[in-house]
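Throughout, a chain's letter reflects where its sequence line sits, starting with A, and its residues are numbered from 1.
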Protein chains: 2
Amino acid sequence: MASTTPDPETLEYIASQFRALGEPLRLQLLHALQDGEKSVGELVEVTGSSQPNVSRHLAVLRQRGLVTRRAAGTLAYFAIAAPYVFDLCDAVCGTRAQGHSTAGDAAPQTPP
Amino acid sequence: MASTTPDPETLEYIASQFRALGEPLRLQLLHALQDGEKSVGELVEVTGSSQPNVSRHLAVLRQRGLVTRRAAGTLAYFAIAAPYVFDLCDAVCGTRAQGHSTAGDAAPQTPP
DNA sequence: ATGCCATATCAGCACACAAGAATACGAGGT
DNA sequence: ACCTCGTATTCTTGTGTGCTGATATGGCAT
């Protein structure tokens, strides 16, 4: 019963999913898409980042299956494909309210 | 109602939490701790990684409030401090079974 | 006090990745 | 056909981060 270690493949998959969410700009993009699909241009405006940068991060999110792409003429509309992402964020935010320090050390070694 | 963008501070906090989980070794450590606290030595054996490396990653997890540390003599026992982490992993794993490709592109542009 | 063991930290290298600038692709309109 | 606008891709640079090996700290036993 010594903790059946999951395959490295699965481990790497999960890690890569989390890493996709470990970037403020990508979280901002997902958040912006929460109230419906948006074009790249709209997302550029919302995030305040450059167009190439937004496009690139959208590609990452799409590769991870987190957003979908719909081409309409010259425009490209992106939309949330994995609503469960917001549950993850809420879970993290919930713990934050419980008094965790954002940065710095959690607690010094066991004091004497 | 145009999507109240969360403060950059909160965004960065959430991202950093996800980034802490975006490493296979750290996920492995958390998984190994699922059936009770373990010493660093035990974790070194379970993960097959080096002792300094395990110690370092444990420090990261502790800094993020994901694990706790209990010193007993020369030993240091670590334990899960944020059980919700496994819910996150399960959520990600659940979507994986739904037919997402691990790597590569999710879908080509919208076909004509 | 000294030697040993478990853990933590430090220095260095290598790699991944994000941001910016410039450019290529592709669809529509005139 | 050409031009224009929106989007995607490439190249380069800089920063962050994981891994290795050596070293420091601290408790326990002799």
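Applying the salt bridge (Lys or Arg N to Asp or Glu O under 4.0 Å) test to residues at least two apart or on different chains, none of the pairs has a partner in residues 50-60 of chain A. Here salt bridge (Lys or Arg N to Asp or Glu O under 4.0 Å) pairs that include residues 14-29 of chain B, with residues two or more places apart or in two chains, are E12(B)-R19(B). Here side-chain hydrogen bond (donor to acceptor under 3.5 Å, both in side chains) pairs that include residues 78-92 of chain B, with residues two or more places apart or in two chains, number zero.
Residue R56(A) has no polar side-chain atom (N or O) positioned under 4.0 Å from OP1 or OP2 of dC17(C).
Residues from residues 22-29 of chain B with heavy atoms under 4.0 angstrom of DNA chain C: there are none.
With sequence neighbours left out, S39(A) forms a side-chain hydrogen bond (donor to acceptor under 3.5 Å, both in side chains) with E42(A). By the side-chain hydrogen bond (donor to acceptor under 3.5 Å, both in side chains) test, T10(A) pairs with D7(A), R96(B), sequence neighbours left out. E45(B) pairs by the salt bridge (charged side-chain N to carboxylate O under 4.0 Å, His left out) definition with nothing, not counting sequence neighbours. For S50(B), the side chain to side chain contact (heavy atoms under 4.5 Å, CB included) partners are P52(B), N53(B), not counting sequence neighbours. Take E37(B) and apply the side chain to side chain contact (heavy atoms under 4.5 Å, CB included) test, not counting sequence neighbours, and it matches R70(B), Y77(B), A79(B).
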Each nucleotide in nucleotides 25-30 of chain D should get exactly one letter: B, S or -. Can you fill that in based on protein heavy atoms under 4.0 Å?
--SS--

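Base pairing in DNA chain C gives the following stems of 3 or more Watson-Crick or G-U pairs, range against range and under 3.5 Å: C:1-30 with D:1-30.
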Pull out every protein N or O sitting under 3.5 Å from an N or O of nucleotides 21-24 of chain C, one pair per line with the distance.
none

